Protein chains: 2
Amino acid sequence: MTPKRASISDIAKELKLAVSTVSRALSGHSRISEATRQRVWQLAEQLDYQPNHLAAALRKGRSNTLGVILPNIDGHFFALVMKGAEAVANQAGFNVMLCQSNEDHAHEAKNVETLMNAQVDGILVSLARNTHDFKHFEKAKQRNLPLVFFDRILDGSEVSAVVVDDQRGGYEITRHLLAQGRRRIAHFGGPQHLNIYKDRYAGYRQALEEAGVPLEEELVVLCHDMSLDDGAAGIRQLLALPQPPDAIFSSGDFTAVGALQALKEHRLRVPQDVALAGFGNETFSSLTEPKLTTIDQRCEEMGGSAIRLLLEMIQNHAQPSTPRKIVLRPELLTRASTG
Amino acid sequence: MTPKRASISDIAKELKLAVSTVSRALSGHSRISEATRQRVWQLAEQLDYQPNHLAAALRKGRSNTLGVILPNIDGHFFALVMKGAEAVANQAGFNVMLCQSNEDHAHEAKNVETLMNAQVDGILVSLARNTHDFKHFEKAKQRNLPLVFFDRILDGSEVSAVVVDDQRGGYEITRHLLAQGRRRIAHFGGPQHLNIYKDRYAGYRQALEEAGVPLEEELVVLCHDMSLDDGAAGIRQLLALPQPPDAIFSSGDFTAVGALQALKEHRLRVPQDVALAGFGNETFSSLTEPKLTTIDQRCEEMGGSAIRLLLEMIQNHAQPSTPRKIVLRPELLTRASTG
DNA sequence: TTGAAAGCGCTAACAA
DNA sequence: TTGTTAGCGCTTTCAA
């Protein structure tokens, strides 16, 4: 029924050679006569030989496959990271196995196991929102399986990681608002156990402090899931203040857009009455009216760098090096929403 | 250095059993005494035994891995499809290997080969924009490797596929515009060699015809890549007409938003002066002002259905059934942009 | 119910 | 330069 695919031993038989010879000829080994190499390649082509990676992987103990665990794949950020990651991996001859944790700790733990069973040579991961510990990675670490985190990492864990300098992003965007003459700058922050949101908040505080503008607790709104609704709710809360803000830095673009819509409903003009900035450079951030000032996180670059780091660790597998951390510089995109 | 992971034979040795017995015990075989099953599982747990899928795959000739080829992974549609696909695959105990063709035919051909070498049990694919033939899938088909296409398919090819009823989508959205009293309805169409754009255009024509509204050639604008710019250019072209349209159905949301922006620049009100509808339900389509009427394509469902179909084909691998085509019903989302 | 043995397709050490 | 052989870890007959 199914035409049996040609194997190395088929070629060997046909050519009356040893399988090892054929294997060497195919893998471009040096100690092989030009004549046999030719014959082997020719027959391989003719039989449409396709190497069986599974067998090679089993034998070599390397699958040439990388695992990637993402909280989700819809959504701009992770999709772009994945794009960068896959490109670099493929270039290096590695396949990529994708798992989604669906923002769930338990699911994430299962993903790790799945990927280990699949014998991936390394794992790239961004943590689920409700992951607070490192337990489910310990097994992988014990096995000396290369592990790289990106974006959402666990503070204090001894692992390699690629992140964008979130604090700098928060700092630059706040400074930009200050430079526009704003003084009552509110902040929409995300869950503070996640490094990214903590750092963005820290950047905000740093900029204020440097400018000698006191931090007003009442202007800081911590959101749950950085949704549109969070933004609208935040606006309601802020407008109820005796002295509302004249600018808002939101740690996420969705929340910023939610805020934008709410502000419009309250007949407040952006940026004249309130300047508004987001974070993340989502697709839609350049489609709102006014267009949203935001921070670009170098998503593709992040994915690419992370995979490169992972590949490096796989190559140097012998000596488990000390964890490395790559910090990318975020890019401030000033647009109409901040005047 | 790396702690060697426990294998079946390790367990066998320790327990003085045959590897075959241990294998059966672990895989829940029936003909096994309860006592040994217990002993085996206990030791497996203790040694933290993790099955080596590679070895099992090699032996069984099934890798429990599916390949997915997408034109790209950024962008709402494919990301959501992937989400649905991955979820269903995982549920069924399959891993997913992701490849991006980057909208390039040659790259796509290479992806097919890569996945075949990786011994995937089936491939799910949506065609690159510049793919016009089926050659690079022939090899897979000859090998009887289950193949499912989705969304972007090749007309006339004998393969299983999951698509959304694009014609119905175009039809419903045009009927909706007609119901709003619009009569000069323009259309932004995409590359007509792609089934999706051809069908949306066909739905448009069908609705006009049924309503007895003649098709005006001058109101049909064919775009290259359905970008924002295409939308803006389209508007310029349409507004130069002696009699501009009172409604526009764009085959894509991006183009629709480009049109929206251009219309605003020309001080035309949406929907009062021109009603505007897109296609695809991109995230941003509900964030524009006014919100965009559009068509939801059931992305996640499409991915899930496609994988289910693929799994079915893998199960029934013995008798290669006739190709099946699943057609999902699109959902019209009427929002403010059409009044 | 358990065991022995073969083999999936490939690579790599050792021998010739 | 080529061949022989062992074995990666697992499943699956066949035999006991």
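Note that this is a predicted model, so its numbers are computed, not measured. Chain A is the first sequence line, chain B the second, and so forth, proteins listed ahead of strands; every chain is numbered from 1.
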Subject >> side chain to side chain contact (heavy atoms under 4.5 Å, CB included) partner of B:E14, chosen from B:L43, B:V40, B:V22 >> reply: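 Single side chain to side chain contact (heavy atoms under 4.5 Å, CB included) partner of B:E14 among B:L43, B:V40, B:V22: B:L43.
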Subject >> Distance flag, aromatic centroids of A:H132 and A:H105, threshold under 6.0 Å >> reply: no
[atom1]/[X]: more than 12 non-hydrogen atoms of other groups inside 6.0 Å:
| X | atom1 | value |
| --- | --- | --- |
| B:K110 | NZ | no |
| B:Q91 | CD | no |
| A:E138 | CD | yes |

Within the 4.0 Å heavy-atom criterion, would you say [X] contacts the bases, only the backbone, or no part of the nucleic acid?
| X | result |
| --- | --- |
| A:S23 | base |
| A:S20 | base |
| B:L58 | base |

Can you tell me if the side-chain N/O atoms of [X] get under 4.0 Å from OP1 or OP2 in [N]?
| X | N | result |
| --- | --- | --- |
| A:S33 | D:dT2 | yes |
| B:T21 | C:dT1 | no |
| B:S9 | D:dG9 | no |

**OP:** Describe, in one word, how the ring planes of B:F77 and B:F150 are oriented to each other, choosing from parallel (under 30°), tilted (30 to 60°) and perpendicular (over 60°).
**Re:**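 The rings of B:F77 and B:F150 sit tilted, inter-plane angle from 30° to 60°.
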Original post:
Under 4.0 Å between a Lys/Arg side-chain N and an Asp/Glu carboxylate O for A:E34 and A:R37?
Top reply: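 Yes.
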Original post:
Does B:K139 come within less than 4.0 Å of B:E113, counting only side-chain N to carboxylate O?
Top reply: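 Counted as a salt bridge, because a side-chain N and a carboxylate O are separated by less than 4.0 Å.
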In whole angstrom, give the distance that lies between atom [atom1] of [X] and atom [atom2] of [N].
| X | N | atom1 | atom2 | value |
| --- | --- | --- | --- | --- |
| B:R39 | C:dT1 | CZ | P | 15 Å |
| B:L17 | D:dG9 | CG | P | 19 Å |
| A:R62 | C:dT11 | CZ | P | 13 Å |
| A:Q38 | D:dT1 | CD | P | 15 Å |
| A:K60 | D:dG7 | NZ | C1' | 16 Å |
| B:R5 | D:dC10 | CZ | P | 8 Å |
| A:I8 | D:dT2 | CD1 | P | 15 Å |

Using the side-chain heavy atoms of [X], tell me which of these nucleotides is nearest: [options].
| X | options | result |
| --- | --- | --- |
| B:R31 | D:dC10, D:dT2, C:dT1 | C:dT1 |
| A:R59 | D:dA6, D:dC10, D:dG3 | D:dA6 |
| A:I32 | D:dT2, C:dC10, C:dA12 | D:dT2 |

Original post:
Does any N or O in the side chain of A:N195 come within less than 3.5 Å of the main-chain N or O of A:R152, such that one atom is a donor and the other an acceptor?
Top reply: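 The answer is no, because no donor-acceptor pair under 3.5 Å joins these two groups.
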**OP:** Have a look at the helix from C:dT1-D:dA16 to C:dA16-D:dT1 and give the angle its two end axes make, five pairs each, rounded to 10 degrees.
**Re:** 40°
Subject >> First encountered from the 5' end of DNA chain C, between A:S7 and B:A18 >> reply: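 Final value for this comparison: B:A18.
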Original post:
If each of B:S27 and A:K16 is mapped to the nucleotide of DNA chain D with the nearest heavy atom, which maps nearer the 5' terminus, i.e. the 5' end?
Top reply: A:K16
Original post:
Can you find an N or O donor on one side and an acceptor on the other, under 3.5 Å apart, linking the side chain of A:R24 with the base of D:dG3?
Top reply: yes
**OP:** Please list, by residue number, the residues of residues 46-55 of chain B whose heavy atoms come closer than 4.0 Å to an atom of DNA chain D; answer none if no residue qualifies.
**Re:** B:Y49, B:P51, B:N52, B:A55
